K.L.:
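Before anything else, here's the structure in question.
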Amino acid sequence: MRVAVFTEPHRGASYDDQLRFARLAEESGYDGFFRADHYQAMGDEAALPGPTDAWLTLAALARETSRIRLGTLVTSATFRLPGPLAIMVAQVDQMSGGRIELGIGAGWYAREHLSYGIPFPGTSERFDRLAEQLEVITGLWGTPSGESFSYAGDHYRLTDAPALPKPVQAPGPPVIVGGRGVKRTPELAARHADEFNVPFTSVEQTSEAYERAREASERVDRAACGRPPLVLSAGIVVAIGRTDAEARRRAAPLHAKSALPPEAQVVGSPEQLVDRIGEFTEIGTERVHLRLIDLTDLDHLELIAAEVLPRLKETR
């Protein structure tokens with residue numbers, strides 16, 4: 001089981017907060033540091049000092065870390081055009097020495113689009129655009145050096161793109177697609193992704209989503225294309241403490257009004273988190289992304305590293 005941390009800087013975190021958190025995660029033995037791609041908090045709080053751009057942040061972290069995997073959960077396809085995004089991610093992959101992962105989704109939070117003047121089409125069109133973005137991005141990365149890439153879709157058209165720069169990882173950084181959608185999400189993951197992520201829901205619902213992804217993989221015949229099975233991952237909302245009071249204090253922000261859907265949480269002791277990760281292991285989960293709310297709470301990160309990560313190694 002690989003364990004990454006997932007952070008939400010739009011709740012209120014500076015670049016320096018993220019740097020301290022990512023460096024400590026690396027030093028403490030976590031597999032990855034992932035961050036959301038949002039430009040606005042989802043409640044009524046001020047969320048000072050304001051948003052930080054996901055890929056600008058990851059580019060800087062790429063130069064200030066050395067081992068930990070870095071990526072997004074998830075980049076919104078509404079925020080960036082696929083050609084420039086492919087260039088951006090490839091460059092950050094070079095800057096990191098090949099440690100970048102691209103989580104990408106259709107986008108869903110209408111309020112931040114309205115606030116910052118970003119077009120926000122309907123759900124069907126957003127998924128159509130996501131599908132084309134996945135084809136463009138992976139197509140650009142996979143084009144042999146010296147050759148050009150062209151694409152004609154309903155939403156994006158590329159003509160003789162030089163398909164540069166190339167990422168360090170070949171044919172490109174791992175692509176993560178996920179969500180709770182029952183039709184298009186598993187289909188897109190099966191066709192284009194390396195990892196299928198189910199965010200912050202119950203073990204039972206996660207297992208059902210995994211089955212849909214496996215069925216979609218059979219329909220598109222990944223094996224015949226020479227592609228390995230999807231890595232199956234899950235997100236877990238975490239508020240762990242040495243005492244019940246400490247865990248409740250860390251869980252307090254989870255009770256604030258938010259645009260997020262209801263989420264399963266682990267609030268309690270390190271042993272409870274070990275048990276929950278064990279339940280996810282039993283349904284085929286290979287990686288967990290632990291969502292930690294407060295990026296200034298370095299003790300939370302250290303507690304999990306000291307009391308949970310060693311226990312997971314013991315059960316391998």
Side-chain angles (χ1 to χ4, degrees), residues 4-8 10-11 34-38 40-43 54 71-79 101-113 120-131 133-134 174-220 229-238 254 256-267 276-277 279-293:
V5 294
F6 169 65
T7 64
E8 297 182 314
H10 57 276
R11 289 176 176 264
F34 287 75
R35 57 155 289 166
D37 185 18
H38 285 292
Q40 193 165 344
M42 295 170 190
T72 50
L73 278 180
V74 294
T75 285
S76 175
T78 56
F79 288 172
E101 304 188 26
L102 172 63
I104 187 168
W108 66 273
Y109 189 36
R111 177 178 164 185
E112 64 188 335
H113 293 75
F120 188 68
T123 303
S124 179
E125 181 178 332
R126 294 201 310 276
F127 271 92
D128 289 344
R129 287 179 176 272
L130 172 60
Q133 288 213 3
L134 286 162
V175 173
I176 305 170
V177 170
R180 304 186 190 186
V182 299
K183 293 182 179 179
R184 298 197 69 179
T185 299
E187 190 78 17
L188 288 172
R191 290 186 180 279
H192 302 289
D194 302 283
E195 179 175 325
F196 176 69
N197 176 259
V198 183
F200 317 119
T201 189
S202 68
V203 175
E204 180 181 4
Q205 290 176 318
T206 301
S207 180
E208 292 170 355
Y210 287 170
E211 188 55 35
R212 291 192 291 269
R214 293 186 184 103
E215 291 172 355
S217 294
E218 292 179 1
R219 287 195 298 273
V220 304
L230 283 166
V231 172
L232 301 175
S233 69
I236 308 176
V237 181
V238 174
L254 301 175
K257 183 179 179 182
S258 171
L260 290 167
E263 298 172 321
Q265 305 165 4
V266 178
V267 179
R276 180 64 58 83
I277 293 175
E279 293 172 0
F280 276 109
T281 301
E282 291 177 0
I283 64 168
T285 304
E286 300 166 79
R287 186 193 217 181
V288 290
H289 299 266
L290 305 183
R291 183 173 128 205
L292 306 182
I293 303 302

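This is a predicted model, so every value here is computed, not measured.
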K.L.:
Output the distance between atom OG1 (Thr78) and atom CD (Glu112), rounded to the nearest 0.5 Å.
P.N.:
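Thr78 OG1 to Glu112 CD: 7.0 Å, rounded to 0.5 Å.
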K.L.:
Kindly give the heavy-atom pair with the smallest separation between Val231 and Glu286, and that separation in Å.
P.N.:
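Shortest heavy-atom separation between Val231 and Glu286 comes out as CA-OE2, 3.4 Å.
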K.L.:
Identify the heavy atoms of Phe196 and Ala213 that sit nearest to each other, and give their distance.
P.N.:
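Scanning both residues completely, I find the closest heavy atoms to be CD2-CB, 3.6 Å.
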K.L.:
For the OH atom of Tyr109 and the CE atom of Met42, what is their distance to the nearest 0.5 Å?
P.N.:
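The OH atom of Tyr109 sits 6.5 Å away from the CE atom of Met42.
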K.L.:
If you round to the nearest 0.5 Å, how far is CZ of Arg35 from NE2 of His10?
P.N.:
9.0 Å
K.L.:
How many angstroms lie between CG in Leu102 and OG1 in Thr72, if you round to the nearest 0.5 Å?
P.N.:
5.0 Å
K.L.:
Please check this pair: side chain of Arg126 against backbone of Pro121, looking for a donor-acceptor N/O pair closer than 3.5 Å.
P.N.:
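It does hold such a pair.
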K.L.:
Kindly indicate, with the supporting measurements, whether the criterion side-chain contact (heavy atoms from CB on, under 4.5 Å) is fulfilled by Asp128 and Arg184.
P.N.:
CA-CA 10 Å; Asp128 289 344; Arg184 298 197 69 179; 2.8 Å; yes
K.L.:
Does Ser233 reach the main-chain N or O of Val198 with its side chain, forming a donor-acceptor pair under 3.5 Å?
P.N.:
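Such a contact is absent between Ser233 side chain and Val198 backbone.
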K.L.:
Return the set of residues passing salt bridge (Lys or Arg N to Asp or Glu O under 4.0 Å) with Glu215 (not counting sequence neighbours), or none when no residue passes.
P.N.:
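Checked Glu215 against salt bridge (Lys or Arg N to Asp or Glu O under 4.0 Å); zero matches.
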K.L.:
Specify the closest pair of heavy atoms between Tyr210 and Gly284, including all atoms of both residues, with the distance to one decimal.
P.N.:
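Taking Tyr210 first and Gly284 second, the nearest heavy atoms are CE1-C, 4.4 Å.
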K.L.:
Between Gly107 and Ser76, which heavy-atom pair has the shortest distance, and what is it?
P.N.:
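Looks like CA-OG, 3.3 Å.
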K.L.:
Keeping the roles fixed (side chain from Thr206, backbone from Ser202), state whether a donor-acceptor pair exists under 3.5 Å.
P.N.:
yes
K.L.:
Return the orientation label for the His113 and Phe79 ring planes: parallel under 30°, perpendicular over 60°, tilted otherwise.
P.N.:
tilted
K.L.:
Looking at every non-hydrogen atom in both residues, tell me the closest pair between Ala36 and Ala54 and how far apart they are.
P.N.:
O-CB, 4.0 Å
K.L.:
With side-chain contact (heavy atoms from CB on, under 4.5 Å) as the test, would you mind laying out the steps for Val238 and Leu292 before giving the verdict?
P.N.:
CA-CA 6 Å; Val238 174; Leu292 306 182; 3.9 Å; yes
K.L.:
Any ion pair linking Arg191 and Glu187 (charged N to carboxylate O, less than 4.0 Å)?
P.N.:
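Salt bridge between Glu187 and Arg191, a charged N being under 4.0 Å from a carboxylate O: yes.
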K.L.:
Tell me whether Glu204 at atom CD has more than 12 heavy atoms from other residues, nucleotides or ligands lying less than 6.0 Å away.
P.N.:
no
K.L.:
If we ignore hydrogens and angles and just use 3.5 Å, is the side chain of Arg287 paired with the main-chain N or O of Ala4 as donor and acceptor?
P.N.:
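No; judged by distance alone, with no hydrogens or angles, the pair does not exist.
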K.L.:
As an exercise, state the distance from CG of Leu73 to CZ of Arg291, rounded to the nearest 0.5 Å.
P.N.:
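That separation rounds to 11.5 Å.
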K.L.:
Measuring from atom NE2 of His289 to atom CZ of Phe6, what distance do you get when rounded to the nearest 0.5 angstrom?
P.N.:
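If we round to the nearest 0.5 Å, His289:NE2 and Phe6:CZ are 9.5 Å apart.
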K.L.:
What are the two closest non-hydrogen atoms of Arg212 and Gly181, and how far apart are they?
P.N.:
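Heavy atoms of Arg212 and Gly181 come nearest at NE-O, 4.3 Å.
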K.L.:
Okay, side chain of Thr281, backbone of Ile277: is any donor-acceptor separation there less than 3.5 Å?
P.N.:
yes
K.L.:
Could you go through Ile176 and Glu101, starting from their C-alpha distance and side-chain angles, then the distance that decides it, and tell me whether this counts as side-chain contact (heavy atoms from CB on, under 4.5 Å)?
P.N.:
CA-CA 7 Å; Ile176 305 170; Glu101 304 188 26; 3.6 Å; yes
K.L.:
Evaluate the side-chain contact (heavy atoms from CB on, under 4.5 Å) criterion for residues Asn197 and Val74: first the C-alpha distance (whole Å), next the side-chain angles of each, then the deciding distance (0.1 Å), finally the verdict.
P.N.:
CA-CA 10 Å; Asn197 176 259; Val74 294; over 6 Å; no
